[in-house]
Number of protein chains: 4
Amino acid sequence: MSTPTETPSTPSRSRKGPTRSEVSKAAILEAARDEMAENGWRGFSVDSVAKRASASKQTIYRWWPSIGAMCVDAALALIPDAPDGGRDPQERITALIIPLEAAARTGHGHAVLRVALLAAADDKDAGEVWRAWVGRDIRQPLRMLLAELAAKRVIRRDFELDDVLEQLLGPIFHRLTISRAPVKEGFCAEQATAFLRTYAQF
Amino acid sequence: MSTPTETPSTPSRSRKGPTRSEVSKAAILEAARDEMAENGWRGFSVDSVAKRASASKQTIYRWWPSIGAMCVDAALALIPDAPDGGRDPQERITALIIPLEAAARTGHGHAVLRVALLAAADDKDAGEVWRAWVGRDIRQPLRMLLAELAAKRVIRRDFELDDVLEQLLGPIFHRLTISRAPVKEGFCAEQATAFLRTYAQF
Amino acid sequence: MSTPTETPSTPSRSRKGPTRSEVSKAAILEAARDEMAENGWRGFSVDSVAKRASASKQTIYRWWPSIGAMCVDAALALIPDAPDGGRDPQERITALIIPLEAAARTGHGHAVLRVALLAAADDKDAGEVWRAWVGRDIRQPLRMLLAELAAKRVIRRDFELDDVLEQLLGPIFHRLTISRAPVKEGFCAEQATAFLRTYAQF
Amino acid sequence: MSTPTETPSTPSRSRKGPTRSEVSKAAILEAARDEMAENGWRGFSVDSVAKRASASKQTIYRWWPSIGAMCVDAALALIPDAPDGGRDPQERITALIIPLEAAARTGHGHAVLRVALLAAADDKDAGEVWRAWVGRDIRQPLRMLLAELAAKRVIRRDFELDDVLEQLLGPIFHRLTISRAPVKEGFCAEQATAFLRTYAQF
DNA sequence: TATTAATCGAGACGGTACGTCGAGTCTTTAC
DNA sequence: GTAAAGACTCGACGTACCGTCTCGATTAATA
C-alpha cells in the first residue's frame, strides 16, 4: 500500500466521542472494489456500496469528498509498494511502474484499476487524489532517476518529464481501459526498454 | 470524417414509412458534443441532450444502442480523414494518428474526445464502436505499413501489432484523460519518432 | 346494434379512390374491445389497438374524434336492440334497459361496458357519444312511456325524468364498475320493479 | 374524515431512521385533489402531483401501492363522518350515505369524487381501498340497520344487502360520473325514501 | 458517574435521470 | 384517395441514485 489518504498523523486525539471506525472503512473500500468491478464507472452507485458494506451513506460522505475519490482510494489500496530496482537503469525504471502491473494482474484488479482511472479522468476530486499519488510514488522518484541517468550520459537531456511519464504510463492505461486486454507479465519492463531506446544517448 | 455509423448496405428505399431524419441526427450529435464537454461522462445525461437538440429521447434510443455509442459517434465526427503521408516512414506513421491530434486541438475537441474515450472504456457498445473505427482507420493501415517497413528492413520483425498501437495511442489518450494537458502540435509526430527509434533495425 | 356513429347513408359514391374500409373499422372495434377488456381504461392504448388490428393509427384518428369515443362505439356495438315490451308496465320498462344486461352477460361484455362507461365519464367526446345513445335509445322512449303511465295513473306525476333514469341505470352501472359483481339474469327487471313500487300511484 | 389509510398497528416508534413526513403527505393529497379536478382520471399524472406538491415521486410510491389508491385516499379525506341519524328509519338510512352528498357539494368535491370512482373502477388497488372504506363506513352499519328494521317488520326480509347498496349508491355515482349533473340537496334522502318504498312491508 | 459530543446504522426526503411506452402528427410507399 | 408503416416531438411511467437530513443507539472523553 502507499497511504493513499492521509491519516491525520494521530493529532493528539482531543475530540470527544468515538473515532473513525476502521472496520467500517475497510468494509466500504472492499465493497466499493466489488461494485467497481461489477458495474463500471457510470453504473457505480453509492447506494449499492452502502448496502453491500452494511454501512450508511452518511458514513461514506463523511470520509470522502466524492465517490470518485473513494474509488481511487479503493484502487490505490491494491497497489503494492515499489520494489528496489537494483543498479540497472532499465530495472530501476521498471521498478517504478511495476506495482501497477502487479495490481492489474491480481483478482479483479484490472477492472478496479480501470474504474479508478475513469473516475480520475471524469471527476475533479478523484483526479486530484490520483495525481497526488502518481506525483509522490512515480513522478518524483522518476525525476530523480532521470536526472541521474542524464548526468551519467545514459540518456539525453532534452526530454520533458511529463512526456516521459505519458510514454511509460499511457500504454498500460490504454490496455486497462480501451483494449481491456490482459496485462502480460513484463509489460512494464517493455515500456522501460522502449523508453531507453528512444532516449538513448548516441 | 470517417463514416462512423454504418451506412445501411441496402441504400434503396425499400421499406414503407418515413426514413431517418438527418436533421435530427445532426442536431443530436451537436448537442451531445456540447453536453459531453460541459458535464463529463458520468454527468452526461440523455435528457439534457434531447432537450438541447429539441429531439425526443426515443429518437436517440432508436438509432444508437446506448448513449455511450452515441458519444463515440459524436466524437468520431470531429476526426478528419488521415492525410497522405508521403514517403518518409516517420511521416507515414504520423499521418495515421495525426487526425486525433487535430481533433483534440480544435474547439472543445479535447473534452469531447476525453468523454468518448471514457465511454468506450466504460460501455460495451461504445467500446465496440470505438474499436471498430480504430480497427478500420488506424490498425488496418498500420498493419500494412509496418509489414512494408519490416520487409524493407526499416524496422524489426519481432513486434506485436497491438503493442505498437498502444505505444502510439497510449500517450495521447493519457494526455486527453488523466493529465488533461493540452495536446501540443507535433505530439503525434513525437510518438512516431519514438516508435521508430524503439523498433529500429540495427 | 343501434347505429352508434352515423353511416353517411350511402351518399352517391362520387369520390375517387377507395372509400372507408368497413373491414378495417370492424377489425379496429374488435381489437379495441379486446384491449379494453384486458387493460382497462387508463391502460388502454391506441398503439396496441392499431397493432392488434393491423391498422394504422392514422386510420383510427381519421374516423373517431378521440379514443374514448371509439371505446364507446366499440361497446355500443355489443348492445342489442330493445325487445318489444308487451303491455305490462314492468315489462315495458324492463325492455328499455335489458339490452344493457344482455350485453353485460356475454363474453367480455362486462369488462367492455365498464371501460366504455369509464371513458364516457372521463372523456368529453366519449361522454357525448354515450349520452347521445342513451338519449335516443333509452331516455326518449322512457319519456314517452312514463307520460303514458302517468296519464293512466299507474304512476305519480311528480317525478324528474333524469332522476328516474339514474335510478334505473345507476345500480347496473355500479355493478359494472365499482363492485364488478356479475350481472344476474333479471337484474334489470328488479330495477323496473323497484321503480314502479317507488312511484306507484297510491 | 374517516381514517382512510390504515394507521399502523404498531404506534410505538420502533424502527431506527426517520418516520413518515405528515407535511409531505398532506401536500401530496391536496395537490392530488387539484390535479384530479383539473385533468380527470386518464389525464391524471403522478409527475404533476409531485411537482405541484414539491414532493418526490418516490415519496408517493413509497406510501401508496398505486396512484389510483392515492386518488381514492385523497377523495376519502373530503368525506365527513356520518351524522347521527335519529330514530326515523328514513333518516337513519340517509345518514349513512349523506356524507357522500356533502362531499360532492363542496368546492371541487364533485370532480374529485368522480375521479376517485373512476380510479376505483379501473385500478385494482384503488378498488380495494374504496371497497374497504365502503365496507366499514356504509355496508357494515347498513347491515345492522337493515337487520333491525327487518326485525321490526319495517321492511321485508327478502333482500340482498349488496343489491340494496347498489340501489342506494348507484344513482349518486351515476350523477357524479356519467351525467355530471350537480347533486341537489336531499338527493340521498330521496334514495333512502325510494328504498323504503321498494322494500316496505306490506 | 453522569454529561456530552461525535460516530454509526437505517432510511425518508426533494430531485434528476433512467430506458420504455403512449399520444397525436406527419411523411413515405403501396394499392 | 385511402391505407399500412413507422419516424417524429413531447410527456408520463415506475425505478434507481444523488446528496442531505433526521432519527435512535452506541461509544469515549470530559465534567
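Just so it is clear, the model here is predicted, and its values are computed rather than measured. Letters go in sequence order (proteins before strands), and every chain restarts at 1.
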Q. Would you call K51(B) and E35(B) a salt bridge, using N to O less than 4.0 angstrom?
A. no
Q. dC8(E) P sits how many Å from K16(D) NZ, rounded?
A. 13 Å
Q. Atom CD of E22(D) and atom P of dC23(F): how far apart are they, to the nearest Å?
A. 14 Å
Q. Can you tell me if R33(D) uses its side chain to pair, donor with acceptor, with the backbone of A74(D) under 3.5 Å?
A. yes
Q: For T59(D) and for A53(A), find the nucleotide of DNA chain E with the closest heavy atom, then tell me which residue's nucleotide is more 5'.
A: A53(A)
Q: Check every strand shown and say whether A55(A) touches a base, only sugar-phosphate, or nothing at a heavy-atom separation below 4.0 Å.
A: sugar-phosphate
Q | side-chain N/O R62(C) vs dT2(F) OP1/OP2, d < 4.0 Å | A | no
Q: Could you tell me whether D123(C) and R42(D) have a side-chain N and a carboxylate O separated by less than 4.0 Å?
A: no
Q. Which distance, rounded to the nearest 0.5 Å, do you find between the CG of L29(B) and the OG of S24(B)?
A. 10.5 Å
Q: Mind calculating the distance between NZ (K51(A)) and C1' (dC18(F)) to the nearest angstrom?
A: 15 Å
Q.
Can you list, in residue-number order, the parts of residues 28-41 of chain B that come under 4.0 Å of DNA chain E, counting heavy atoms only?
A. none
Q: Find the distance R20(B):CZ to dT29(E):C1' and express it as a whole number of Å.
A: 21 Å
I'd like a table of atom pairs between the protein and nucleotides 15-17 of chain F - only N or O on both sides, under 3.5 Å - with the distance next to each one.
unit_1  : atom_1 : unit_2 : atom_2 : d
dA16(F) : N7     : Q58(D) : OE1    : 3.3

Q | Step-by-step side chain to side chain contact (heavy atoms under 4.5 Å, CB included) determination, M70(C) to Y61(C) | A | CA-CA 9 Å; M70(C) 184 190 60; Y61(C) 287 111; over 6 Å; no
Q. Can you tell me how far the OG atom of S66(B) sits from the CD1 atom of I60(B), to the nearest 0.5 Å?
A. 12.0 Å
Q) Whole-Å distance between dA12(E) P and I60(D) CD1? A) 15 Å
Q) Does OP1 or OP2 of dG14(E) have a side-chain N or O of S24(D) closer than 4.0 Å? A) yes
(Q) Does dC13(E) have OP1 or OP2 under 4.0 Å away from a side-chain N or O of W63(D)? (A) yes
(Q) Any side-chain to backbone donor/acceptor pair from D122(A) onto W41(B)? Under 3.5 Å, distance only. (A) yes
Q) Do R180(D) and W130(C) meet the cation-pi criteria used here (NZ or CZ under 6.0 Å from the six-membered ring centre, within 45° of the axis)? A) no
Q) Just how far, in rounded Å, is C1' of dA23(E) from CG of D123(C)? A) 13 Å
Q: Kindly indicate whether the side chain of W63(A), heavy atoms from C-beta on, has any atom under 4.5 Å from the side chain of I28(A).
A: no
